[in-house]
Amino acid sequence: MQFRTIPISMPDLSGNEQAYAAEAVASTWISSSGQFLDRFEREFAEACGTAHAIATSNGTTALHLALATLGVGPGDEVIVPSMTYIATANAVTYCGATPVFIDIDPDTWCLDPQKLEEAITRRTRGVVPVHLLGHPADMDAINAIAATHGLWVVEDAAEATFATYKGRPVGSLARAATFSFFGNKIISCGEGGAVTFDDAGLERRMRMLRGQGMDPAVRYHFPIVGFNYRLTNVAAAILCGQMERREAIVARRREIVAAYAGELAGVPGIGLRQDADWADTAPWMASCLVDPGLFGCRRDDLAEGLATRGIETRPMFIPIHRMPPYRDAAKKRRTDLPLTDRLGATGIMLPTYPQMTDDDVRFICAAIRDISEAHLSRRRRAAIKRVATGSDRADLRLPRAA
Ligand SMILES: *Cc1c(COP(=O)(O)O)cnc(C)c1O
């Protein structure tokens, strides 16, 4: 058995990132103001097609800052997918509000607009769709329903920086959008985030809330309780380096995901997400579903097999409505999210980063086929029967809900 160490993710810092960070340090502007911060906020807003971008200390604080600026508070409900990183729901909780979970679309794996209406109550204030794994949610449909009910929409674009929806960049598709620049995201500065928006009315309050509530006109006067959610100039310097190479980074990530799709297309029991024709993705983690009956073993056995060959993977997100802080309230509401549960139980994230070679992808996919065959041969009789009955489908998909 071959062995090769392939991590799940790695930031690509091979451009001017080091030089700019050193420049920030040499300038002594290492705290939360400086030329790299101004430059990054200007360039990021431009890339997202918005009037404003405000840099934050991470993607979670970006979410909390956006929701706090919109006035989310105790008693409010905010509709979110359960199939996402925990931060989406936690940010709602920080505001004293309640996240209400709805199911995903079987094709895009993002919040299903058709499930939105039935979750709206008189307490609902807004919706936070997540552009999951780099694929934009169906924003026109979500915005139309939200508008009918007087709700705001905030995009959680943490996993999809520079993706586009019908040709428009994510970040510009709702009242506000939030981003993460954690080490494994599309672009990174270690820990960082941003909020983008057009509405000039939001900017003053958001900047005040980010900076401890300080009055922009009167230094050290604090008319409101804010947070310290600022980003440093050193981190912004790294982001300025990333911005220069963002097109190459996204293009390479797309190539890697396409290479996986090509290699895995015919493997029985492996299901891939189909990109919507209105989506240009900014792939975060290449992912697939594992149907144990057809593949020969469970998702977790596949992960273990890959780990012994030196290939790091990650299980798909455990649905948030199953997590201890949220499960009792979700149960009380009779939350039932079959597609979210199925993706959570069978999905796996595979190594995805720009420095990966095509040969790395081939190595990983060969290992996946190998693990499948090893399990299937032990159950040859069952496998033969399956093929004979024609239930072997290469295009495994999440089933459409009835
Ligand atoms: C990564 C991520 C976040 C949080 O970002 P951090 O920078 O880690 O705080 C929020 N939402 C989603 C969907 C994410 O993937």
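Whatever order the structure lists ligands and atoms in, that order sets their numbers, starting from 1.
Expressed to the nearest 0.5 Å, how far CZ of Phe162 lies from SG of Cys48 amounts to 6.5 Å.
Residues passing the side-chain hydrogen bond (donor to acceptor under 3.5 Å, both in side chains) test with Ser188, sequence neighbours excluded: none. Remark: Tyr353 pairs with no residue by the ring pair (Phe, Tyr, Trp, His ring centres under 6.0 Å) rule, at least two apart or across chains.
Within the structure, no pair that satisfies the salt bridge (charged side-chain N to carboxylate O under 4.0 Å, His left out) test touches residues 176-187, not counting sequence neighbours.
Exactly one residue among Val234, Leu231, Asn58 makes a side chain to side chain contact (heavy atoms under 4.5 Å, CB included) with Cys189. That residue is Leu231.
In summary, the aromatic rings of Tyr85 and Phe182 are positioned with their centroids too far apart to meet the 6.0 Å limit.
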Please produce the table of protein N or O atoms sitting under 3.5 Å from N or O atoms belonging to ligand 1, one pair a line, distance to 0.1 Å.
from     : atom 1 : to     : atom 2 : distance (Å)
ligand 1 : 5 (O)  : Ser180 : OG     : 3.2
ligand 1 : 7 (O)  : Gly59  : N      : 2.7
ligand 1 : 7 (O)  : Ser180 : OG     : 2.7
ligand 1 : 9 (O)  : Asn58  : OD1    : 3.3
ligand 1 : 9 (O)  : Gly59  : N      : 3.3
ligand 1 : 9 (O)  : Thr60  : N      : 2.9
ligand 1 : 9 (O)  : Thr60  : OG1    : 2.5
ligand 1 : 11 (N) : Asp156 : OD1    : 3.3
ligand 1 : 11 (N) : Asp156 : OD2    : 2.8
ligand 1 : 15 (O) : Glu159 : OE2    : 2.6
ligand 1 : 15 (O) : Lys185 : NZ     : 3.1

